[in-house]
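These numbers were taken from a predicted model, which means no experiment stands behind them. Letters go in sequence order (proteins before strands), and every chain restarts at 1.
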Number of protein chains: 2
Amino acid sequence: MKKTPTVYDVAADAGVSIATVSRVFRRPDDVRASTRETVLASVRALGYVPSASARGLAARRTGVLGLFFPDFDVVDEGDAPSDDLSGSASRVEVVRDIPDTGGAQRADLYFDEVLRGSELQAWHDGFTLMIGVGRGSNPVEVVTDIAGRVDGLALLAGSVPDSLLEHVSRRIPIVLIAGARRDDDFDHVMVANADGMHALTRHVVDDLGVRDPVFVAGPSATADDVERHEGFRRALAESGIDAEALPVLHGDFTRAGGRRVAADLLETLAGAAPPRAIMCSNDQTALGLMEVLIAAGVRIPLDTIVTGFDGIAESRMSSPRLTTVQQPMIALGRAAVATMRSRLEDPEQPPMARRLPVKLLLRESSEGSA
Amino acid sequence: MKKTPTVYDVAADAGVSIATVSRVFRRPDDVRASTRETVLASVRALGYVPSASARGLAARRTGVLGLFFPDFDVVDEGDAPSDDLSGSASRVEVVRDIPDTGGAQRADLYFDEVLRGSELQAWHDGFTLMIGVGRGSNPVEVVTDIAGRVDGLALLAGSVPDSLLEHVSRRIPIVLIAGARRDDDFDHVMVANADGMHALTRHVVDDLGVRDPVFVAGPSATADDVERHEGFRRALAESGIDAEALPVLHGDFTRAGGRRVAADLLETLAGAAPPRAIMCSNDQTALGLMEVLIAAGVRIPLDTIVTGFDGIAESRMSSPRLTTVQQPMIALGRAAVATMRSRLEDPEQPPMARRLPVKLLLRESSEGSA
DNA sequence: CTGTTCGATGTATGCGCTTACAGTGGAGCC
DNA sequence: GGCTCCACTGTAAGCGCATACATCGAACAG
């Protein structure tokens with residue numbers, strides 16, 4: 001590995017100017033076919049690979065889009081960093097593996113899906129994707145680092161302080177994922193939280209005839225929760241029910257939180273009949289809650305109907321399977337990238353806010369399986 | 001968004017030279033504390049974010065490592081690319097979702113894990129990771145593109161033509177994942193395929209007393225399959241069994257391939273008793289095979305023992321759960337990144353080949369559940 | 001008080017590429 | 001034959017930053 005070849009080397013080898021070498025890659029049609037072949041031959045002979053740094057600097061765009069997610073499962077899995085690169089260990093450990101009780105270890109299915117959508121769209125639009133995961137404490141470094149490398153950045157709303165957003169937005173366009181549109185100038189992509197919960201509530205009230213569903217809220221600070229709760233209230237109002245008179249429980253969007261809510265509820269009931277329906281602000285909460293209720297002998301949906309929101313994979317694998325509102329996560333990723341592309345093409349257009357439709361999935365936790 | 005600020009702007013604003021601004025970021029200790037504060041104040045005021053392109057060009061290193069995987073699930077999920085960014089669609093579709101028969105949609109759990117390990121290690125070593133997925137046809141463009149952006153690149157062995165490897169290796173160090181060490185000069189990280197299959201085979205032969213296990217091979221071109229088969233043969237030889245006399249079936253590492261193998265086998269048997277043990281070269285094959293055998297009334301492990309190799313998540317969720325050899329996928333990712341780091345630190349050291357130990361997971365597909 | 005040393009900062013150069021702009025020569029035309 | 005036009009190629013000027021080297025003072029030893 002002597003010296004990595006550059007345009008100059010290729011130009012010299014092919015007997016042309018560096019401009020021509022550059023054109024062969026950037027605008028092949030502007031170069032005569034025979035010249036192009038000569039240059040490409042030199043490229044192959046020398047093993048030339050264009051430097052993205054130099055190109056990015058000269059062209060003022062990198063062709064990379066960034067995606068930032070806060071970290072969730074930072075668990076290091078007890079797998080120590082590889083520092084020693086010592087030789088081969090060929091001892092085979094034998095383990096009698098017993099069935100575990102399950103429990104999703106990866107809470108980030110949501111991001112996996114969004115990422116997948118982003119990637120598909122990035123490929124479609126000719127971009128490369130750079131993903132950053134908020135490591136532990138301070139997202140500032142990570143985000144700034146990425147911001148210096150990309151042409152545009154999409155982040156989960158609320159994952160970084162506004163000041164940081166303002167800062168990096170001086171350099172590149174920012175797209176916020178899944179946050180409510182506030183009075184900022186950023187572009188947004190989000191889902192129809194309120195409409196989804198509204199439709200689900202209507203189903204529970206009108207079709208299933210429950211006139212006093214209990215709502216389990218999430219962290220009150222999140223836009224997602226606020227919007228869902230609003231959809232819930234709106235649906236009740238339409239049916240002439242006073243939502244304010246109904247009890248509201250408080251989870252935190254985690255499965256553990258759902259368990260806690262259920263435990264508290266059971267304690268409060270002290271043996272009385274449980275509510276006819278419990279509508280949770282997200283799936284994790286609903287799943288944790290179901291776990292505890294079922295363990296306590298509550299029959300779902302016979303005694304109590306339970307619903308969630310998100311449509312994560314686990315919601316399909318519980319028993320009974322969870323009725324929920326499915327977010328279009330892949331579409332969310334696609335929309336985020338498409339929005340960035342659009343913004344890059346026309347930086348002057350007014351802030352965009354795109355809201356994606358959701359889908360109501362009726363399953364056994366809210367009705368008979370047939 | 002007027003003009004993105006540069007070092008010059010910051011330098012002017014802070015009343016220092018651009019060298020000082022640069023030092024504030026690169027070598028803060030070389031700058032007097034008071035000067036540093038002045039500069040940082042200007043940085044905040046202007047919203048300055050260093051350009052990675054310029055830095056990469058000047059410093060001749062980008063701080064990014066690349067990871068390339070061939071594509072597996074290119075399925076577009078019927079989810080069309082977002083071209084229109086039109087307004088909000090708030091109609092909620094309602095779907096009566098019936099339980100599906102499952103079937104893993106994502107065959108790339110393997111890569112997810114390796115990716116996770118790579119990311120952990122990259123973070124540990126202060127690198128950013130750029131992942132590339134071989135889209136459809138030609139990996140050449142993707143790989144060259146990435147190669148121009150990173151300081152080092154790790155790829156799944158066999159995923160791209162050797163000529164491409166030679167080409168890009170003129171620019172950056174290459175690490176091959178999971179391929180057999182050939183007579184090349186690349187660095188390698190891999191797992192103890194042969195040892196793992198050897199241990200598993202010994203278990204089947206010695207502990208379970210099966211003296212005529214059937215081997216289901218994978219694509220013959222892959223090093224993984226070759227090594228596993230070799231481990232199988234070695235174990236038999238040690239027990240004085242003539243491996244050559246035993247039948248070998250041929251899968252292709254996919255679940256569908258496993259189903260096909262099973263169907264063919266059942267047809268061949270024409271009602272006769274199935275083999276006492278079927279040892280597959282990977283999990284997907286074993287899972288597909290089990291599906292078909294079970295559907296045909298074969299009791300596993302009572303009539304036939306089935307084993308796999310890889311330890312993918314699905315192997316833990318089948319019934320019966322699959323006895324298999326677990327690859328240290330996270331560790332593989334870590335090792336790949338650690339190897340690149342090491343190579344970058346000392347480009348002159350001889351090629352490295354690191355082989356990671358595997359773990360034998362005994363589960364119900366090879367024995368009673370108690 | 002002068003020569004030395006060293007920490008802090010400025011000066012100047014170049015990293016490898018893109019891209020306006022300026023040739024350059026041949027074909028087509030009057 | 002001279003002129004225009006066009007397709008192609010070369011010239012040259014940065015892009016924003018890192019860094020070797022020069023410079024400048026002040027602290028310090030003699």
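- B:S22 contributes no side-chain N or O that, together with a main-chain N or O of B:I18, makes up a donor-acceptor pair within less than 3.5 Å.
- The bend of the helix from C:dC1-D:dG30 to C:dC30-D:dG1, defined by the angle between the axes of its first five and last five pairs, stands at 40° to the nearest 10°.
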Tabulate atom names and distances for all N/O pairs under 3.5 angstrom spanning the protein and nucleotides 8-11 of chain D.
{"from": "D:dT9", "atom 1": "OP1", "to": "A:T35", "atom 2": "OG1", "distance (Å)": "2.3"}
{"from": "D:dT9", "atom 1": "OP2", "to": "A:R32", "atom 2": "N", "distance (Å)": "3.1"}
{"from": "D:dG10", "atom 1": "OP2", "to": "A:S17", "atom 2": "N", "distance (Å)": "3.0"}
{"from": "D:dG10", "atom 1": "OP2", "to": "A:S17", "atom 2": "OG", "distance (Å)": "3.1"}
{"from": "D:dG10", "atom 1": "OP2", "to": "A:T20", "atom 2": "OG1", "distance (Å)": "2.7"}
{"from": "D:dG10", "atom 1": "N7", "to": "A:R23", "atom 2": "NH2", "distance (Å)": "2.7"}
{"from": "D:dG10", "atom 1": "O6", "to": "A:R23", "atom 2": "NH1", "distance (Å)": "3.3"}

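- Remark: the B:Y8 side chain and the D:dC17 base include a donor-acceptor N/O pair separated by less than 3.5 Å.
- In this structure, A:L57 places its CG atom 14 Å from P of D:dG14, rounding to the nearest Å.
- Using a cut-off of 4.0 Å between Lys/Arg side-chain N and Asp/Glu carboxylate O, B:D187 and B:R343 are scored as salt-bridged.
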Please determine whether ring-ring contact (aromatic ring centres under 6.0 Å, His included) holds for the pair A:Y48 and A:F25, giving the CA-CA distance in whole Å, both sets of side-chain angles, and the decisive distance to 0.1 Å.
CA-CA 12 Å; A:Y48 169 69; A:F25 287 94; 5.7 Å; yes
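- Counting non-hydrogen atoms of other residues, nucleotides and ligands closer than 6.0 Å to CZ of B:R61 gives a total of 12 or fewer.
- Considering CD of A:E166 and CG of A:D185, their distance stands at 8.0 Å, rounded to 0.5 Å.
- When heavy atoms are screened at a 4.0 angstrom cut-off, B:S51 is found touching the sugar-phosphate backbone but no base atom.
- Contacts of B:F25 with the nucleic acid, taken as non-hydrogen atoms under 4.0 Å apart, are absent.
- Other residues, nucleotides and ligands contribute only 12 or fewer heavy atoms inside 6.0 Å of the CD atom of B:E141.
- Between the side chain of A:T20 and the main chain of A:V16, no donor-acceptor pair closer than 3.5 Å is present.
- In this structure, A:S159 contributes its side chain and A:L155 its backbone to no donor-acceptor pair below 3.5 Å.
- The nucleotide range of DNA chain C contacted by chain B, defined by atoms under 4.0 angstrom from heavy atoms of the protein and reported 5' to 3', is C:dA8 to C:dG16.
- For the pair B:R60 CZ and D:dG16 P, the computed distance is 19 Å after rounding to whole Å.
- The distance from atom CG of A:D151 to atom P of D:dC15 is 18 Å, rounded to the nearest whole Å.
- The pair A:R116-A:D112 does not meet the salt-bridge criterion, since no charged nitrogen lies less than 4.0 angstrom from a carboxylate oxygen.
- A:D151 and A:T62 share a donor-acceptor pair across their side chains, judged by distance under 3.5 Å alone.
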Working note: A:D125 + A:R341, criterion salt bridge (Lys or Arg N to Asp or Glu O under 4.0 Å); need CA distance, chi angles, decisive distance, verdict.
CA-CA 8 Å; A:D125 290 352; A:R341 185 203 54 188; 3.2 Å; yes
